[in-house]
Chemist: 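Before I ask anything, here is the structure I am working with.
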Amino acid sequence: NAGVTQTPKFQVLKTGQSMTLQCAQDMNHNSMYWYRQDPGMGLRLIYYSASEGTTDKGEVPNGYNVSRLNKREFSLRLESAAPSQTSVYFCASQTADNSPLHFGNGTRLTVT
Amino acid sequence: GQQVMQIPQYQHVQEGEDFTTYCNSSTTLSNIQWYKQRPGGHPVFLIQLVKSGEVKKQKRLTFQFGEAKKNSSLHITATQTTDVGTYFCAGPSTDSWGKFQFGAGTQVVVTP
């Protein structure tokens, strides 16, 4: 009964380093999302994937890339981390359009 | 572009008191969802409203969707310490089916 699993939970990067945030869901959901959460700004959509093999930009895609590896997995990559990318990142999945979002526990990323 | 706004941003409540938080959209919504995020946690789906004027209750929580489907409210009766957290509303994005636009949230602090 895992739901949406994100790894790692915490990460500290230096400016310019790269890393990939992993997300996997075991609910056979079609849609998957990456959000970032910053104080006072709610949840902002970075990228989403409506189905396996498709990805689309959200509200704040600059500096990020994504891969929908298969139906279960949706990864987020930071090629050259910047301090402005310090945030909490949440992955979410959804069974169908307008159905509730199921969130992972989040990754707290600090870029120094 | 579409905006989803929540007021107030912060709500300090004495235990036992009632309070209401409001969500306003710049566009008419087909539905609205509410989520709760406990401190240090991830957003958890609470409820979805679809019909104009719809009212739904979950124990001490009452959710309402406005007649014009551009606003919603969450009223909590007899606030308890377990109500602490941030409450988000989310409405479907007008530029892409299935995506949600989140409000910035109302952070609720309960004083015993």
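Each chain gets a letter, A, B and so on, in the order the sequences are listed, and its residues count up from 1. What you see is a predicted model, and the numbers here were worked out from it, not measured in a lab.
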Chemist: So, using side-chain contact (heavy atoms from CB on, under 4.5 Å) as the criterion, who are the partners of B:M5 when residues are at least two apart?
Modeler: B:Q3
Chemist: Enumerate by number any residue of residues 37-68 of chain B whose heavy atoms lie under 4.5 Å from heavy atoms of chain A; in the absence of such residues, state 'none'.
Modeler: B:Q37, B:G41, B:H42, B:P43, B:F45, B:Q48
Chemist: Is B:W34 linked to B:F19 within one hydrophobic cluster, defined over Ile, Leu, Val, Met, Phe, Trp and Tyr using a side-chain heavy-atom separation of less than 4.5 Å?
Modeler: yes
Chemist: If you measure from CD1 on B:I32 to CG on A:N98, what distance do you get to the nearest 0.5 Å?
Modeler: 12.0 Å
Chemist: In this structure, is the centre-to-centre distance between the rings of B:F102 and A:Y35 below 6.0 Å?
Modeler: yes
Chemist: Taking only heavy atoms into account, what residues of residues 103-112 of chain A are found under 4.5 Å from chain B?
Modeler: A:F103, A:G104, A:N105
Chemist: Can you list the residues of residues 66-75 of chain A that sit under 4.5 Å from chain B, counting heavy atoms only?
Modeler: none
Chemist: Under 4.5 Å between side-chain heavy atoms, counting indirect links through other Ile/Leu/Val/Met/Phe/Trp/Tyr residues: same cluster for A:V60 and A:L76 or not?
Modeler: yes
Chemist: Would you call A:L43 and B:F100 a side-chain contact if the rule is heavy atoms closer than 4.5 Å?
Modeler: no
Chemist: Same hydrophobic cluster for A:M32 and A:L21, using side-chain heavy-atom links shorter than 4.5 Å among ILVMFWY?
Modeler: yes
Chemist: Do B:L74 and B:V13 belong together in a cluster built from hydrophobic side chains that touch within less than 4.5 Å?
Modeler: yes
Chemist: In the single-linkage hydrophobic clustering (I, L, V, M, F, W, Y; side-chain heavy atoms under 4.5 Å), do A:F90 and B:Y35 co-cluster?
Modeler: yes
